[in-house]
Amino acid sequence: MAKLFRAAIMGPPGSGKGTISQRIAQSFGLQYLSSGHFLREGIAAKTEAGLLVKTYVERSMLVPDHVMTRLMLPRLEQLSGHSWLLDGFPRTLGQALALNNLYQLDLVISLNIPYETLKERLSDRWIHPASGRVYNMGFNPPRVQGKDDITGEPLIQHDDDKPEALMARLRHYKDVAKPVIDLYKSQGILHSFSGTETDRIWPYINSLLSTKMHTQPSDTCQAQTP
Ligand SMILES: Nc1nc2c(ncn2[C@@H]2O[C@H](COP(=O)(O)OP(=O)(O)O)[C@@H](O)[C@H]2O)c(=O)[nH]1
Ligand SMILES: Nc1ncnc2c1ncn2[C@@H]1O[C@H](COP(=O)(O)OP(=O)(O)O)[C@@H](O)[C@H]1O
């Protein structure tokens, strides 16, 4: 059977994880799972998971590791037989170790983007809440202002994308991510990319993935089949 490919993308809020993940999913056919989107979906649908995490997500606090792993690991089990890309999970060392017990990641992408760039991007970020599609009024504006391209539904902004909340979020991200990054570095699977423009970083990621997925045959065709 073809070897499955398993990857994760890390980086501070606004670093382009969602944007790059969408390109990876489209170009390489990986199943894409964003923890933030998954949690918000549960909250909107008032599922058991949604009720459990609501207070944390609404205050931009990390959901405790035991809750997060209890939600995400079964979700990954549903993707067995597919190659996948995780965005936003694992975020802590505890989550990374729990994931490690079940799956060996093939590749972790880490994005290093300067603070000023993050601030500018997030103040301009608009989201279609139902799908998680992300727009930016300068970089990739919707076709009709304030409306999602596919559904025509209204776009929203997250409160915690405002500059006053950003510095604390970034500091917190760095503290929590460091041991996770160190773990993946020690496993030899971490690849870091720095820059201020997604379009300049993307060709390097594209070529890295082409090489990695080419050297180990993947199930990308299966992954695209519903
Ligand atoms: N100006 C600009 N905006 C970008 C670029 N890459 C992504 N964005 C926008 O920056 C915001 C944050 O990107 P996103 O992918 O949501 O980052 P995430 O928080 O790491 O998932 C979104 O509004 C994107 O459309 C870029 O190269 N330039
Ligand atoms: N891996 C995770 N561990 C704990 N909480 C998480 C995780 N992923 C997402 N969350 C929760 O969901 C919220 C939104 O996540 P996300 O969309 O990734 O945005 P951000 O990058 O701003 O944290 C977070 O503020 C947090 O409450």
Side-chain angles (χ1 to χ4, degrees), residues 8-25 32-44 49-50 52-73 75-76 85-99 109-114 116-129 131-142 148-149 155-162 165-177 180 193-203 205:
I9 186 163
M10 300 183 62
S15 56
K17 299 182 297 292
T19 306
I20 288 173
S21 296
Q22 278 174 13
R23 293 185 189 188
I24 293 176
Y32 167 52
L33 183 55
S34 147
S35 58
H37 179 58
F38 172 63
L39 297 180
R40 280 192 285 265
E41 229 176 28
I43 294 171
L52 259 177
V53 301
K54 191 173 189 298
T55 48
Y56 296 99
V57 175
E58 284 178 351
R59 288 182 220 159
S60 294
M61 286 165 60
L62 285 186
V63 174
D65 284 351
H66 68 280
V67 177
M68 212 51 215
T69 49
R70 210 183 89 201
L71 297 176
M72 290 298 283
L73 297 178
R75 182 74 190 84
L76 284 178
L85 169 69
L86 300 177
D87 165 3
F89 180 88
R91 191 167 300 199
T92 65
L93 186 59
Q95 294 174 15
L97 294 174
L99 180 67
I109 294 167
S110 168
L111 302 173
N112 300 318
I113 312 296
E116 280 306 316
T117 307
L118 298 174
K119 199 167 77 172
E120 269 167 38
R121 285 183 187 179
L122 289 180
S123 63
D124 243 3
R125 170 158 79 173
W126 289 81
I127 292 168
H128 176 238
S131 67
R133 273 185 288 279
V134 172
Y135 300 88
N136 180 282
M137 288 314 155
F139 177 64
N140 60 333
D148 177 48
D149 284 353
L155 303 177
I156 58 147
Q157 276 197 297
H158 286 315
D159 276 349
D160 56 7
D161 279 351
K162 293 184 182 139
L166 186 61
M167 187 55 114
R169 277 168 87 202
L170 289 180
R171 204 172 301 123
H172 187 235
Y173 169 80
K174 277 195 180 152
D175 291 346
V176 174
V180 184
F193 299 87
S194 305
T196 55
E197 288 169 52
T198 296
D199 286 347
R200 292 180 79 116
I201 293 177
W202 169 241
I205 295 181

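Order of appearance sets the numbers: ligands from 1, and atoms from 1 within every ligand.
Note that CG of Leu76 and CG of Leu71 are 11.5 Å apart. Values are rounded to the nearest 0.5 Å. Considering CG of Asp87 and CD of Gln22, their distance stands at 9.5 Å, rounded to 0.5 Å. Here CG of Asp124 is found 10.0 Å from CG of Asn140. Values are rounded to the nearest 0.5 Å. To the nearest 0.5 Å, atom CZ of residue Arg91 and atom NE2 of residue His172 are 9.0 Å apart. The distance from atom CG of Leu99 to atom CE of Met72, rounded to the nearest 0.5 Å, is 9.0 Å.
Using a 4.5 Å cut-off on side-chain heavy atoms (C-beta onward), Phe139 and Thr198 make contact. In this structure, the side chains of Arg125 and Arg121 stay at 4.5 Å or more apart for every pair of heavy atoms. Proximity of Leu170 to Lys174: side-chain heavy atoms (C-beta onward) are nowhere separated by under 4.5 Å.
Each of Pro13, Ser35, Gly36, Leu39, Arg40, Tyr56, Val57, Ser60, Met61, Leu62, Val63, Met68, Gly88, Phe89, Arg91, Gln95, Arg169 has a non-hydrogen atom positioned under 4.0 Å from some atom of ligand 2. Protein residues with any heavy atom under 4.0 Å from ligand 1: Pro12, Pro13, Gly14, Ser15, Gly16, Lys17, Gly18, Thr19, Arg121, Arg125, Val134, Tyr135, Asn136, Phe139, Asn140, Glu197, Thr198.
Taking a cutoff of 4.0 Å between a charged side-chain nitrogen and a carboxylate oxygen, Arg133 and Asp149 do not qualify as a salt bridge.
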